[in-house]
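This report concerns only the one structure given below.
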Amino acid sequence: MKKFKVSFLLGKFLPPTRGHCFLIDTASNNSEKVYVLMCSLKREPIAGELRYKWLSEIYKDSNVEIIWVQDENPQYPEEDPIHFWDIWMDTFNRHLPEKVDAVFSSEDY
């Protein structure tokens, strides 16, 4: 039995690296279902569509579902100290199809 029923993590995966895969695999090994919010901005050098395809191919036969998020959100809390977490909570609520038990991250914030 896995430790968590549903977990999620997010990132740009610009491009996906072994470290990103380690994080996703860690979530997968500890969760029945993992949602990966693959976030992209229009100004980024590698198209979000391509990154989404890469990750979807890597995790096609697993308990991991890749969700492509195209919201133009602030990237760091200092970019919008007052609204940052409200903006991101709205994104999470709109894109995650069910309640999560755990968040996996490599970021301090």
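Nothing here was measured: the structure is a model prediction, and the numbers come from that model.
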Self-check item: Pairs touching residues 52-70 that satisfy salt bridge (charged side-chain N to carboxylate O under 4.0 Å, His left out), sequence neighbours left out
Solution: Lys33-Glu65, Glu49-Lys53, Glu57-Lys60

Practice problem: Answer whether the closest heavy-atom distance between the side chains of Val6 and Lys99 falls below 4.5 Å. | Solution: no

Quiz item: Salt-bridged, Asp101 to Lys3, with N to O below 4.0 Å?
Solution: no

Quiz item: If we only count heavy atoms from C-beta on, is the Val100 to Ser7 side-chain gap below 4.5 Å?
Solution: no

Quiz item: Are Ile67 and Trp54 linked, directly or through other ILVMFWY residues, by side chains that come within less than 4.5 angstrom of each other?
Solution: no

Exercise. Go through the structure and list residues passing side chain to side chain contact (heavy atoms under 4.5 Å, CB included) with Ser56, not counting sequence neighbours.
Key: Tyr52, Ile66

Practice problem: Look up atom SG in Cys39 and atom CG in Leu10, then write down how far apart they are to the nearest 0.5 Å. | Solution: 5.0 Å

Quiz item: How long is the gap from CZ on Phe13 to CZ on Arg51, to the nearest 0.5 Å?
Solution: 9.5 Å

Quiz item: From Met38 CE over to Leu9 CG, what is the distance, rounded to the nearest 0.5 angstrom?
Solution: 12.0 Å

Quiz item: Would a 4.5 Å heavy-atom cut-off, applied to side chains only, mark Asp71 and Arg94 as touching?
Solution: yes

Quiz item: For Lys2, does the NZ atom sit with more than 12 other heavy atoms under 6.0 Å from it, leaving out its own atoms?
Solution: yes

Quiz prompt | Ionic contact status for Lys42 with Glu72, cut-off 4.0 Å | solution = no

Exercise. Would you indicate whether the side-chain heavy atoms of Glu32 and Asn63 approach each other to under 4.5 Å?
Key: no

Quiz item: Are side-chain heavy atoms of Leu96 and Leu37 found at a separation under 4.5 Å?
Solution: yes

